Amino acid sequence: MQKSRRLTKTNLNVSCKEMALYLLGKVLVRKLDNGSILKGRIVETECYLGGEDKASHSYNGRQTPGNEPMYMPAGTTYVYFTYGMYFCFNISSVEPGAAVLLRALEPIQGLEIMKKFRTVKKKGPLKDTELCNGPSKLCIAMNVTKDNCNKIDLTESERLWIEDDGGRIEATQIVNCRRIGIASAGEEWAAKPLRFYVLSNAHVSKRDKKAENDLIS
DNA sequence: ACAGTGATTGGCT
DNA sequence: GCCAATCACTGTG
């Protein structure tokens, strides 16, 4: 097992699709204020291209105070608030206005702390596969909010970064399919294959069986 | 397994 | 005033 290496500006200075693929298998690391370390392997990503992409917050070149990090240098974090109670975590890519949404992690370290953050009412302790299997769930589990993790340079921050621990995902194990939760953007853009996830990984938010069958056959 | 629904509020038009 | 890159819960099969 090789030593983990923190990703650099050069590693992250790539296009949106390249980044979405490159990030699969890499490890998101969160250092809490009390020094605790949380780690999760990235197993699901989505591209938001800006420009023509109707599902993107930066569609048609739109710029607002809220989506400013989408136009910042590649490797800058973009955390936004949605549905009145949740956050989603993105990383800007090299094209102005484009970013990659992290949709699911496979928890590696700090699982007990994640479980405390992710405590819900009725159910008892959550299974490991339920901790980070969704874009807002992973934010809750890793204590990522707009207040503490937005507009961060992932190559310089002391509280949030990405590591390469040698884990590799074979290209034949990557499912490429439509994105989630963007029906209102219209079928044309909702149907585009801009989501990527690791085949047969139990920590993915939602599987696309048709895309999996196409990949396997 | 999968479909339907209520929760809840900041940000944008 | 509208509505969202979601989640947890409930009901049905």
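Quick caveat: nothing in here was measured; it's all calculated off a predicted structure. Reminder, nothing fancy here: chain letters follow the sequence lines and each chain counts from 1.
The OH atom of A/Tyr48 sits 12 Å away from the C1' atom of C/dA4 (whole-angstrom rounding). If you measure from atom CD1 of A/Ile180 to atom C1' of C/dC7, you get 14 Å, rounded to the nearest angstrom. Between A/Asp208 atom CG and B/dC2 atom C1' the separation is 15 Å, expressed in whole Å. At whole-Å resolution of the value, OH in A/Tyr80 and C1' in B/dT9 are 15 Å apart. A/Arg179 places its CZ atom 11 Å from the P atom of C/dT6, with the value rounded to the nearest Å. If you measure from atom CZ of A/Arg195 to atom C1' of C/dA5, you get 12 Å, rounded to the nearest angstrom. In this structure, NE2 of A/His57 is placed 5 Å from C1' of C/dA5, rounded to the nearest angstrom. Counting to the nearest Å, the C1' atom of C/dC7 and the OH atom of A/Tyr86 are 3 Å from each other.
Note: the hydrophobic cluster containing A/Leu138 also contains A/Leu154 (ILVMFWY, side chain heavy atoms under 4.5 Å, direct or indirect links).
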Can you check nucleotides 10-12 of chain B for protein contacts, nitrogen or oxygen pairs under 3.5 Å, and list what you find?
| from | atom 1 | to | atom 2 | distance (Å) |
| --- | --- | --- | --- | --- |
| B/dG11 | OP1 | A/Lys146 | NZ | 2.9 |
| B/dC12 | OP1 | A/Thr64 | OG1 | 2.6 |
| B/dC12 | OP1 | A/Gly66 | N | 3.0 |
| B/dC12 | O3' | A/Arg62 | NH1 | 2.8 |

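Tested against A/Glu46 for a side chain to side chain contact (heavy atoms under 4.5 Å, CB included), the candidates A/Val100, A/Ile180, A/Leu102 yield a single pass: A/Ile180. Screening A/Lys26, A/Arg41, A/Arg5, A/Lys3 for a salt bridge (Lys or Arg N to Asp or Glu O under 4.0 Å) with A/Asp165, the sole residue that qualifies is A/Arg41. Tested against A/Glu44, the residues A/Lys137, A/Arg207, A/Lys206, A/Arg103 include a single salt bridge (Lys or Arg N to Asp or Glu O under 4.0 Å) partner, A/Arg103. A side chain to side chain contact (heavy atoms under 4.5 Å, CB included) with A/Arg195 is found for exactly one of A/Val175, A/Asp208, A/Thr45, A/Asn176, namely A/Asp208.
Heavy atoms of A/Leu101 sit under 4.0 angstrom from at least one base atom. As judged by a 4.0 angstrom heavy-atom cut-off over every strand, A/Arg103 is placed among residues touching the sugar-phosphate backbone only. Among the atoms of the strands shown, none is found under 4.0 Å from any heavy atom of A/Lys206.
One finds the CD1 atom of A/Ile91 at 8.0 Å from the OG1 atom of A/Thr77 (value rounded to the nearest 0.5 Å).
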### Query
Which string of ( ) [ ] | and . matches DNA chain C, if you list each base 5' to 3' and count Watson-Crick or G-U pairs only when both distances are under 3.5 Å?
||||.|||||||.
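Residues A/Lys209 and A/Gly84 each lie close to DNA chain B; by heavy-atom proximity, the contact nearer the 5' end of the strand is made by A/Lys209. Nearest-nucleotide positions on DNA chain C place A/Gly181 closer to the 5' end than the other of A/Gly181 and A/Glu130.
Here A/Lys54 does not reach the OP1 or OP2 of C/dA5: none of its side-chain N or O atoms lies under 4.0 Å away.
Side-chain atoms of A/Arg118 lie closest to C/dA8 of the nucleotides C/dT6, C/dA5, C/dA8. Taking the side chain of A/Val120 as heavy atoms from C-beta on, and the options B/dA7, C/dA8, C/dC7, the nearest nucleotide is C/dA8.
For A/Asp33, the CG atom sits in a loose shell: 12 or fewer heavy atoms of surrounding residues, nucleotides or ligands are nearer than 6.0 Å.
Ring centroid separation for the pair A/Tyr78 and A/Tyr80 comes in under the 6.0 Å cut-off.
Looking at A/Cys88 and A/Leu101, their side chains come closer than 4.5 Å, going by heavy atoms from C-beta outward.
Geometrically, A/Arg179 engages A/Tyr48 in a cation-pi contact defined by less than 6.0 Å to the ring centre and at most 45° from the axis.
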